[in-house]
Every structure is written in C-alpha cells, then in structure tokens.
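What follows is one structure encoded as structure tokens, with my remarks underneath.
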Amino acid sequence: MPLDGSVSSWKPIEKSNGPSVVTEVNSEAPYLPYKPRETQIQIITDIRNALDKGRHIVIESGTGTGKTITSLAGSLEHAKARGKKIIYITRTISQSDQVMKELRAISTLKPVSGITLTGRNKSCPLLQARPDFDQLSPTALSTLCSDRKQKNQQGHSGGCPYFEKVPHMVDIVESYCKKSFPKSDEIDAYCKGMNVCPYEIKKVMMKDFDIIVAPYIHIIDPDIRDNFLTALNVEPKDFVLIVDEAHNLMDAVREQESFSITSRLMGSANDECSAFNHPEVYDGITLDTFVKTVRNCVRELGTKYIGFNMKEALLEPKALEKSICSALGIAETSLGAITERLLELGEKREEAIADTDAPSSPLLEFATLLKAWVNSPNDRYVKSIKVSEDGEFLSASCIDPVDICKFLNSLSGAVHMSGTLQPLDTYAKVLGLPMTSIPRTYPSPFPKENKSVIYSKDVTTNFQELQKNPAMKANLQRMVAQLCNSVDKNILVFMPSYRVMKEMRPYLEENIYKNLYWEEAGRQKKTMASLDEFRRGRSGVFVCVMGGSVAEGMDFPGDELCFAVIVGMPYPPPSLEIKAMKDMFDAKYGPGMGWRLTSEIPAVRKIRQAIGRLIRTETDRGMAVILDNRAARNARQLEAVPSEDPVADAVRFFAKH
Ligand code: SF4
C-alpha cells in the first residue's frame, strides 16, 4: 500500500444514484455537497441557528431528508467558524462509515477532515491473535493492553510491537486519513499493514481532525468519556455533539450502567483462589472463605426469594450485603475495605497472567462488579436475584442514569437526531435536556401515496384476549399466511417475540407457499446468510423479531422489500425492571406516564422503525399491515387506517403499484 494513502475503497461519487452532486458552494448551505432536497436547507439552517445560540436541537426527520448530511452541514457551519470540533456518536459501524462517506463528499467543496474510532475489541491487531479474544471483556482488554504498553515504556521485553511504532507513524497515517476518509475497517487494515496500532495512533492523531466519529460508549461511559475528551484536549464548550439514532440513547445508557454477577463468574473466581496462598482479605478472613461465602449467600438468597415457577425476584435493599456480613460476623462498613483488597489481589493476578494465554482474571472482574454492586444506589438500580440454567445470579439494572443528563446539560449545543424520536418533549424531559432545547419535526420528502399502513380491527396479541378467546391465535397465524400468499413481493413478517415466532413456525411452514427465511436467535451469521438470500429473491418471506437486528437499521431499497406484516403491538413483556421504571416515571411525571414511557412510546417507535424499512428511496413503494386492533390508540402516530379486510386491501394496493 503506498505511503501517501492513495488507496481507498470509496467509489467515485455517483451522479445517477442518490443525491445529485454539486461542484459549486451553495451560499445557503456551504457544506452541503448535493443539490438540496426539499426541507434540507431548512434543517441545516435550524441546526446552525440552534448551535449559534448554544442550544440543543431535538430532531425527528423522515426518510429521505438526509439526516447524516444535514446534521454535518449545519454543525460544520457553526463549528468551523468558531474553531470547534464535532463529536458524532453512532450506534453502528455502518453508520460511522456513512458519516465518513459524507465527509468525503463535503471535502470536494470545502476543506474538512474526519476520523472514525472503534474500540480495542474491533481494532487491536495484537490481542486479536489470542484464541479467547472474543470472550475478553473490554476491561480485560484494557488491562492486557496496559500491561504490554507499560513493558514498552519501561524497556522490558514482552511489550506490544504495534505500540512501539506509534510515534514514528503519526504523520503518515494522518496524511492517509485526511486524503482518503477511510472506513473503520480500512484504517485498521492500513495500520496493521504498517505494523502500527490503529487504536493508539487514532488516540494521538484525533485532536488534529475536525470531526471525530465514535461509538456511543465514548460519551455514555463516564471513564471512557473523560479519557476521550482529555486525549482530544477539549472542554464541553469546545465541541458540538451529534447523537445519531438518538431514540436509542437512553436504553444504551441504561444497558451500559447495568451489570450481572453470574454464577459462572463466581465459580471461576472461586477456582482462581487456588492460585493464591490463602491471603487475608479482612481480619482473619481469607480470600477463599470470602468468595465462597458470597457464592453461598447468593444461593441462599435464591432459595429465599425465588418461588416455585419463578425466574427472578426483587431483593430487599442491602439483602446481599446483610447476608454476607451476617455469615462472616463482620460489620457492613467492612465491605468497602474488603472489595478494595479483592481488587488489589485481582490486579496482581491479572499482571501475573498477562504474558500467558490464560483468560483475564475472573477474580478481578468479580471484585470490580461486587464493588459496583455495593456502591449502586437502590433508588436508581433494580437489584434482583435471577436464575438461569447455570444457577442463581445477581442482576443490577440501572433505571435512572444521572451522569449522562449532567453531561448533556454541560454542553453548549448538541444535535439529537432520529427518524423516530417523537414525542420530542418527552425525549428532552427524560434526558434532562435544558428547557431551551428546540424541538423540530421534518416530514419525509417522498410521495405520501407510495406508502400505506393499515391495521386489522379483528385480531390482537393482547395476553388476556388470547386467554379468553382460544381462536385468536389461529386467526392471527391464518391471517399472516393469507397475507404472505396473496402478495407476490418480498415480505418481512415481524413477530412480537422469539416465543411467538417459535409457536407459529410449524403452521407458517406448512401454509405459506413461498421461500421462507427465519431470524435465528443468537445465530447472527446464519440470520445474515438467510437475509442475503431473501434480498436476492423477489417473492420470499423473511420472519424476524420486532426490535431485533433486522427490524432496525437495515436498508431494503427497491424490490428487496415491499410489504411488512407486523404481528401485534410490541409492548415489552412484564419484568421487574419495567415495573420499577413505570413506578418511577409515574412518581416523577404523573399517573399514566409510566406506562406511556415504558410501553406505549417504545412500542410505537419499534413499529415506526419497522415500517421505515419499506421506503428508502424516492421511487420505493410499500405497505405495512399491523395485526393488532390496539394500534387504533396510536393510529395518528403510526399514520395507520383501520381495515375490515387486510388481505383484500393489500391485494388492491399492489395491483395499483
Ligand atoms: Fe493492542 Fe494496540 Fe494495545 Fe498493542 S497497543 S495491545 S495493538 S490495543
């Protein structure tokens, strides 16, 4: 590969496919490299004005409005004039790559630079060679990497050869990135070819780029964020944040802050104690005794709390702590010192095994999580005991993240964007955005008549209805089969859960007379292979689960998808976490808001995401049928009309299109 970085997989910017490229700067939107579509100038102007005033702008913008390019064009106008950086956070690598593609298009008009970051788990060329690489947690990767780097810095053997070359290669890699706008896998491959660590070199270079495209974790994890902003050498006032697919932000934060202490982890930590010579952790209590006691206490709590036919139970505040301390005859205040000692021993063990192929220390992970458990406040975490086939385990689910709200409030302007963000005021309220935040909705510029959404008045997946009326399930699956057999197009069927999908599978396999493909739980490769085959055909049926990887974030342009059958309103199943969040929101925002925020709004968003798969270009045409009469309650947001006979309506729609 030439050192000037002239290699890139980007194809020349097409004039016939997608937006029309311009060669002259548009004075209304100087960073827009395409002929503006309807509403694009408005979106760009609104973003620029909001940022100029130091405000957050919360945007729902329909398919075809060009969310990526408009957010970039508006933010660049503001940021470039003030010497600010832009941090663009995304959920998926394909979206990061899309940002790089748009930056490259912008660079044909105006000087701009951008770089896309990924985690060590995607880009570390050294540790990728380990057989257990896929099982290593981010913490373990970080510890292993730190050990190697320390050896480099101290001039000891066993360091990282890719790290060693970082200082010598910065100029070359930077020049490649500024010239070629590489996608994430391209920059990783380029660096690997140069024997330099992509992860570390990006950390050194990124302060010299205008736009840093990064996974959500760089902002939602407080420790990673601190390191990231320090390496970038910026304060919150020095950059603009763009949040892509903002409707996912709060769930991503909750997920990030939630954790489990599994039965398997406790078992491995217990086994690892044999590598030590019975060190004391507190007042005559040895490491082995302590770890064994925690394990026994978890089992006892399982027996006490989890009833017959149950899989989980809420723990009383401090139930675990009280149980451990009572078993060991110590005061609760001693637990802090014990967890610190456990961490110290875990770190020593991690250092000792760093040069071996042994997986990272389970004791260290156990100590880290136990400390987090003891320190997690009960009003923001649902602490429960659950049981899986491996045994009882502890779960701490964050229901009220506060750190991200404080951080967002400290920014002087941000762009929150999604195709499905309504109600915008609720999004802003839950994230605690400033009262001055600006809500904006921009409709899709594509012809309305190209899309039709109907719902059946006769069926539902409501649990009580299904119990009361045993014929309901038969009616539902019959309707799915009839709809699939009546429309000679590629069809996606969205099931409310894997359980329902499994129940209906035998009937659908027997009664749908087309090629059938299935999303397979936990088997991503197989699912993707089936999906590829489905896309290549023109009259197949792909059955997937609402909210899964197919339902969100995948594009099916043209005839790859024309018809969506949505089985049931995808309200989340009851759980301890949903119940606790519902109670919390009722108390915060008034009665009824809990159900709206935890069930109704997410269900409507999921359906809108699914419907959004149908129309991806100006000429796409598509129809969605919702098989649940409860859609009537949200008909306006879903842009859906009732249907007496969905099969006849579908046949009529496709006869016209
Ligand atoms: Fe991996 Fe880079 Fe760390 Fe070396 S310095 S271990 S290549 S992440």
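Note that ligands are numbered from 1 as they come in the structure, with each ligand's atoms numbered from 1 the same way.
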Using a 3.5 Å cut-off and no angle test, enumerate the donor-acceptor pairs between side-chain atoms of residues 226-234 and protein atoms at least two apart in sequence or in another chain.
{"unit_1": "Thr230", "atom_1": "OG1", "unit_2": "Asp226", "atom_2": "O", "d": "2.6"}

Quiz prompt | Under 2.8 Å from atom 3 (Fe) of ligand 1, the protein N, O or S atoms, given as residue and atom | solution = Cys145 SG
Quiz item: Which residues satisfy the side chain to side chain contact (heavy atoms under 4.5 Å, CB included) test with Ala246, sequence neighbours excluded?
Solution: Val243, His416, Leu421, Tyr427
Quiz prompt | Charged tip of Arg148 within 45° of Phe163 ring normal and under 6.0 Å | solution = no
Quiz item: For Phe239, is the NZ or CZ atom of Lys85 found under 6.0 angstrom from the centre of its six-membered ring and inside 45 degrees of the ring axis?
Solution: no
Quiz prompt | Derivation of the salt bridge (charged side-chain N to carboxylate O under 4.0 Å, His left out) call for Lys183 and Asp188 | solution = CA-CA 9 Å; Lys183 296 183 217 168; Asp188 289 352; over 6 Å; no
Quiz item: Which residue pairs pass the side-chain hydrogen bond (donor to acceptor under 3.5 Å, both in side chains) test with at least one member in residues 403-415, sequence neighbours excluded?
Solution: Arg225-Asp403
Self-check item: Those atoms of ligand 1 less than 4.0 Å from some heavy atom in Pro125
Solution: 7 (S)
